Amino acid sequence: MIDIKFIRENPDAVRASQKGRGEDTSIVDQLLAIDETRRTAITEFETLRAEQNVLSKSVGAAKGDEKTALLENAKDLANKVKAADTKRADIEAQANAIAMQLSNLLDPDAPIGGEADFVVIEHVGTPRDFAKDGFEPKDHVELGKLLGAIDTERGAKVAGSRSYYLTGVGALLEFALVNYAISSATKAGFIPVIPPVLVNPAAMEGTGFLGQAAENVYHLERDEVYLVGTSEVPLAAMHMDEILPVEKLPLRYAGYSTCFRREAGTYGKDTRGIIRVHQFDKVEMFSFCKPEEAKEEHKRLLQWEKDFLNAMEIPYRVIDVASGDLGSSANRKFDIEAWIPTQDTYREVTSTSNCTEFQARRLNIRYKDSDGTKAIATLNGTLVAIPRMIVAILENHQNADGSVNVPKALQPFLGTSRFELV
RNA sequence: GGAGGGCUCGCAUAGCGGCCGAGUGCACCGGUCUUGAAAACCGGCAGGUGAAAGCCUCGUGGGUUCAAAUCCCACGCCCUCCGCCA
């Protein structure tokens, strides 16, 4: 949610932001219009209520005929108050519904455009030359089979398309990745968290996942809960309706959880392998900080993501995601794309978003310092999303026979330097 | 799933339908005193909105009433007991 005062004072900036995202700019005008009526309705109600409060007190003090007369008036006034209150509540609900439709303001530095209009910030590492190594790289599905690490066929049999089993070294690799991620995050000062993955509507709505993103969310209607697509949701909502003391900031959590995604509207996209699946595990960084420090914090999150990729010895590039491809909560987003040899391209493996005060306003999370209580900023970033990292590791570190070299950083967690064929 | 009990300002509690947005204790912050500290004493101490007056918030939502923290209903959450269970 954007500060309504800011919208009143800078409607053009908000319109421009909506336009940059390819979203409806008329919401801004609807909101401004209803904000007027909202404030009028509040004033009307409050005036009547103040009158009623005064009158009520005098009723209590009065006796006899005088009281009867006052009661007459009071009754009438009570009806008016009730009517004014109903009207106010209606309008406020409408205004709120409209305000919730607005996406976050874009960072002026974010590139404008659609999915394809990202800007490449840097390349790190060099894609391996398999021709020079004298063999054709196998894709992760084939490698996964040879190593006994990934079983997509049985996954499909048991759970449908986009499902899989991690077995043997595949399962061990997940544990190693998670352990490495959590231990490095803990060293960096993150508090490790295992959050709930089943959350209520307030948490989902507050983090901004019930808007355009709703179709990708599993909803358990019978119990009115949602399966989260990322631990960003429970981590952000963890401090819902709280006021954090400024000394605790930046407050950083590393959440490990399973993530569930319906992947609606992705028919035919990445159908092979485990690039795009309904369920996967992920270690997510989440940070609460002062708004004026959010940009810096965003860079730090990106750096931690790069550190992880570097440790995995995988070539990658960093992109500045274009406005039209940002989530509704993000004002800027950097993705890291790892080189996937068999696709001859870079594919997203991690992503970090600066949500400024947008989520915090929806979730009612603030911080308090010596001059008062203010909205806080929230940021999130992937440390490691397991399946895509497994894809990157297997494909980039494969040998001619299908065995795979284990990155040094993971060797202590796996007790081996090489995955052999089964 | 069944039976009870409870949800008030960080914590613990008080609260008669009007004098309660709300008392007390602890914690916390500032001050006096002290070489320093403790104790004692004095003051402050929920949030939102508003320029202010005011208005709103005693789990949430409804209802009764001129007036609700206080009465009624529904829901949520917590606790205890029973059943079931990883």
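In what follows, every heavy atom counts, from backbone to side chain, and hydrogens, waters and symmetry copies are set aside. Everything quoted here is computed from the prediction, not taken from an experiment. Order of the sequence lines sets the chain letters (A, B, ...), proteins ahead of strands, with each chain counted from 1.
Between K82(A) and U64(B), a side-chain N or O to OP1/OP2 separation shorter than 4.0 Å is present. Taking 4.0 angstrom as the limit, R49(A) places a side-chain polar atom (N or O) nearer than this to OP1 or OP2 of C56(B). Residue R88(A) places no side-chain N or O under 4.0 Å from the OP1 or OP2 atom of C55(B).
Between the P atoms of G1(B) and C84(B), the separation comes to 15 Å (whole Å). Distance check on atom P: G59(B) versus C45(B) gives 23 Å, rounded to whole Å. Between the C1' atoms of G17(B) and U13(B), the separation comes to 22 Å (whole Å). Spacing between A69(B) and U80(B) at atom C1', rounded to whole Å, works out to 26 Å. Comparing the C1' positions of A52(B) and U8(B) gives a spacing of 29 Å, expressed to the nearest Å. Between C9(B) and A27(B), the two C1' atoms lie 13 Å apart (nearest whole Å). Straight-line distance between the C1' atoms of C77(B) and A39(B): roughly 42 Å, to the nearest whole Å. Between G25(B) and U34(B), the two C1' atoms lie 27 Å apart (nearest whole Å).
Across all strands shown, C79(B) is found opposite G4(B) as a Watson-Crick or G-U wobble partner, with both distances under 3.5 Å. Pairing partner, C71(B): G63(B), with both Watson-Crick or wobble hydrogen-bond distances short of 3.5 Å. Across all strands shown, A52(B) has no partner, as no Watson-Crick or G-U wobble contact with both distances under 3.5 Å is found. When Watson-Crick and G-U wobble pairs are counted only if both distances are under 3.5 Å, G21(B) pairs with no nucleotide at all. With both pairing distances under 3.5 Å, A40(B) is matched to U32(B) as a Watson-Crick or G-U wobble pair.
Using a 4.0 Å cut-off between charged side-chain N and carboxylate O, D85(A) and R88(A) make a salt bridge.
Two residues, E46(A) and A74(A), neighbour RNA chain B, and the one matched to the more 5' nucleotide by heavy-atom proximity is E46(A). Mapped onto RNA chain B by nearest heavy atom, K374(A) and E51(A) fall at different nucleotides, with K374(A) at the one closer to the 5' end.
N53(A) comes within contact range of the sugar-phosphate backbone alone, with a heavy-atom separation under 4.0 Å but no base atom that close. Looking at heavy-atom distances under 4.0 Å, K5(A) makes contact with sugar-phosphate atoms alone, never a base. T47(A) comes within contact range of no nucleotide atom at all, as no heavy-atom separation falls under 4.0 Å.
Here G50(B) presents its P atom at 7 Å from CZ of R8(A), a figure rounded to the nearest Å. Following rounding to the nearest Å, N79(A) (CG) and G63(B) (P) show an atom-to-atom distance of 13 Å. Look at CE on M240(A): it is 20 Å from P on G47(B), rounded to the nearest Å. In this structure, CD of E224(A) is placed 12 Å from P of G76(B), rounded to the nearest angstrom. Atom NZ in K75(A) sits about 9 Å away from atom P in A67(B), given to the nearest Å. Following rounding to the nearest Å, R39(A) (CZ) and C56(B) (C1') show an atom-to-atom distance of 18 Å. Between Q52(A) atom CD and C56(B) atom P there is a gap of 9 Å when expressed in whole angstrom units. Rounding to whole angstrom units, CG of residue N364(A) and C1' of U49(B) are separated by 13 Å.
Taking the centre of each ring, H239(A) and Y253(A) come in below the 6.0 Å mark. Here H397(A) and F419(A) keep their ring centres 6.0 angstrom or further from each other. Aromatic pair Y180(A)/F308(A): ring centres closer than 6.0 Å.
Side-chain atoms of P245(A) and K368(A), non-hydrogen and from C-beta on, never get closer than 4.5 Å to each other.
Side-chain N/O atoms of Y226(A) and N200(A) include no donor and acceptor closer than 3.5 Å.
For the side chain to side chain donor-acceptor pair (under 3.5 Å) with T342(A), the qualifying choice from E142(A), R272(A), E395(A), H140(A) is E395(A), the only one to do so.
Taking every side-chain heavy atom of F45(A) into account, C55(B) is the closest of G50(B), C55(B), G48(B). The side chain of K368(A) lies closest to A46(B), out of A46(B), C66(B), C55(B).
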